[in-house]
Amino acid sequence: MFEDAGKYAAFFKMGIKDELAYVGDVIISLILRIGAPLVMLAVWYAIYLASGTATIGGFSLSQTYSYFFAVSLVAVFTVPSVLWMIQDDIQGGALGANLVRPVNYVLSTIVMDLSWGLLQAALIGVPMGVLLVLLLHIALSPMYLALFVSELAVALLLMYAIEMLIAALAIYLTYINSLYSAIYTAIAFISGMTLPLNFFPQWASGILQYALPFQILAYTPAATFIGAIAVPQALESTAVALAWALALSLAAALFWRHAMKRITIAGG
Amino acid sequence: MTAIAIPIGMPNVIEVSGARKSFKTYETPRSGFLASLRKKRIVKYALRGVSFGVRQGEIAALLGKNGSGKSTLIKLLSGILHPDAGTVRVLGLDPWSERRKLTSRIGVVMGAHGQLWWDLPATDTFNLMRAIYKIPERQFRERLEFLTNILELKGVVKRQVRTLSLGEQMKCNFVASVLHMPELVILDEPTIGVDLPSKQALRTAIESMRDERKTTFLITTHIVEDLAMAEKIFVMDRGRIVYDGSRESLERYFGDRREVNIEFESAGDVKAYTRFGKVLELESNYIKLEVEQAQLRNRAFINLLSSENVVDYSVMERDLKPILLRLYAQHGGRRGHV
């Protein structure tokens with residue numbers, strides 16, 4: 001494995017070069033990502049105004065604003081595009097060409113995607129994070145920053161596991177856009193992307209935060225970033241998510257092994 | 001199981017025996033508005049017991065119409081597909097179970113599905129290949145120099161791939177697939193849509209690698225002109241190999257006919273010529289004949305061509321197209337042996 005590290009380092013480098021070939025697109029993406037939460041601010045302003053209360057689910061209006069900016073920030077770091085890369089290869093028939101090289105197709109695809117993700121994180125995520133800390137007056141302690149970074153790493157692992165599971169399905173179904181939309185919509189709801197989890201009834205919030213892993217994709221890191229969650233609570237949620245991420249990664253690896261056999265035996 | 005004819009001398013790089021492959025697919029029997037909702041499951045037999053062998057250092061051409069099973073066979077040889085029955089050995093390895101080991105020793109160009117990165121110059125892809133195949137820096141430079149010279153790519157490789165012509169892309173794809181100097185190169189339709197100079201450059205590169213390194217080539221094509229460099233030809237039709245032999249034997253087997261164009265000063269005596277062959281075209285001052293190769297040595301025919309009324313005549317290069325069409329029509333599922 002380690003003797004092949006140079007191969008995957010080359011894929012990483014190619015991924016960065018490829019992304020930088022269209023730097024204008026990266027800049028437009030930056031503007032859009034920072035601007036996207038502004039729509040949510042208007043919606044939540046109306047909700048708070050209509051409710052006539054100063055807090056909802058323990059969040060003030062300004063905390064809710066901060067929360068949704070933080071959710072956008074988390075998404076910059078944790079939304080891979082490996083699924084679409086694989087679907088393109090399957091639909092376009094390029095998968096076969098990728099299998100005739102002495103590299104692990106799945107690993108090389110993930111490495112390329114990671115390179116794009118890290119470039120986005122450097123060009124968009126870090127400046128956006130600094131901007132939010134300064135504009136929203138967030139007191140991000142080193143402890144919370146370390147916790148936030150760890151949560152992002154677990155979130156990324158979980159997202160890769162989910163995307164690889166769906167990508168393996170693409171080998172059987174070819175088109176998985178609708179399936180992905182359905183799954184992503186459900187995840188957006190139960191992860192805290194559309195609604196902070198503390199806005200749910202207590203029993204539902206408990207399940208979503210301490211039994212299911214999806215909170216790591218939005219609620220837990222966003223709440224950590226704005227300091228709205230206690231450290232033990234964040235650690236517990238992260239540990240649950242990590243266990244799920246590892247289990248789903250194993251399932252994805254096994255599913256892929258089966259899917260690759262199907263391609264090579266049944267002809268895809 | 002069909003026996004393979006193992007050639008004497010060089011070892012066999014490819015050995016295929018009784019390979020079969022079928023796919024389950026769907027067809028829509030009707031063409032109405034809701035036809036897509038009523039699919040019928042069918043089994044497509046892509047290979048129906050294929051056996052053949054290719055020796056080291058040989059350039060072999062695999063010829064066949066679209067859907068004849070060529071690409072399926074290529075996928076079997078490169079380990080992307082597993083045969084339903086029969087055995088496949090490439091460089092002494094089982095391609096499917098030993099694919100990772102095999103891919104270091106072969107190069108594959110799969111038609112339009114190239115190795116090149118669309119938004120980057122081809123040199124970046126070449127550098128990626130250097131890392132993938134762990135090619136030492138000095139060898140990489142030497143090989144790149146050799147290939148870019150022979151394929152006339154010097155000014156091309158630094159341009160973004162998406163801006164290159166189809167011929168330039170195909171040549172760059174070829175370079176990316178052979179930089180590690182594989183023992184076997186499989187080219188799936190390498191000249192499709194490629195202009196004449198690029199085709200010629202590719203042929204020169206292939207022959208040069210065969211001569212200098214004993215590289216074996218298997219080239220699938222449905223373009224007859226690609227056969228010029230092939231020593232061995234396999235013709236596939238409906239999942240079977242219907243011909244396995246040399247180009248010369250193929251021509252001999254089917255009569256080795258040639259076309260002769262004759263121009264006359266004034267209207268010629270057509271009847272005198274029809275004794276020697278079949279009239280393909282006829283105008284007042286021109287006749288095109290199809291004649292047996294042997295007629296070109298026939299004194300009577302030569303004398304006729306030398307008569308005063310003949311302004312000019314030419315014997316056309318051998319065209320395999322009619323031979324192949326005849327072969328497809330005749331084989332009736334049997335293998336042609338020569």
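Here is the naming used below: chain letters follow the sequence lines, and residue numbers restart at 1 for every chain. The figures that follow rest on heavy atoms only: side chains count, while hydrogens, waters and symmetry mates do not.
Heavy atoms closer than 4.5 Å to chain A are found nowhere in B/Lys101, neither backbone nor side chain. Within the 4.5 angstrom heavy-atom criterion, atoms from both the backbone and the side chain of B/Thr125 approach chain A. For A/Asn104, the parts lying under 4.5 angstrom from a heavy atom of chain B are both the backbone and the side chain.
Counting only heavy atoms from C-beta outward, the side chains of A/Asp4 and B/Lys134 approach each other to under 4.5 Å.
Rounded to the nearest 0.5 angstrom, B/Ser78 OG and A/Arg101 CZ are separated by 13.0 Å. Atom CG of B/Leu128 and atom CE of A/Met112 lie 8.5 Å apart (nearest 0.5 Å).
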Residues A/Lys7, B/Tyr133; criterion side chain to side chain contact (heavy atoms under 4.5 Å, CB included); working and verdict: CA-CA 8 Å; A/Lys7 294 181 184 182; B/Tyr133 293 101; over 6 Å; no
CA sep, side-chain torsions, deciding dist, call: B/Trp118, A/Asp18, side chain to side chain contact (heavy atoms under 4.5 Å, CB included): CA-CA 9 Å; B/Trp118 203 235; A/Asp18 195 47; over 6 Å; no
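In this structure, B/Asp119 and A/Ala21 approach most closely via the heavy-atom pair O-CB, 3.8 Å. Taking both residues in full, the closest heavy atoms of A/Lys17 and B/Asp124 are given as NZ-OD1, 2.6 Å, listed atom of the first, atom of the second, then distance. Of all the heavy atoms in A/Leu99 and B/Arg99, the pair that sits closest is O-NE, 3.3 Å. The two residues A/Gly6 and B/Ala131 make their nearest non-hydrogen contact at O-CB, 4.1 Å.
Atom CZ of B/Arg162 is surrounded by more than 12 heavy atoms from other residues, nucleotides or ligands within 6.0 Å. At most 12 non-hydrogen atoms from other residues, nucleotides or ligands lie less than 6.0 angstrom from NZ of B/Lys75. By the neighbour-count criterion of 12 heavy atoms within 6.0 Å, atom CH2 of B/Trp117 is densely surrounded, having more than that number from other residues, nucleotides or ligands. Open room surrounds NZ on A/Lys13; 12 or fewer heavy atoms of other groups in view lie less than 6.0 Å from it. Counted within 6.0 Å of CZ on A/Phe255, heavy atoms from surrounding residues, nucleotides or ligands total more than 12; the atom is thus considered enclosed.
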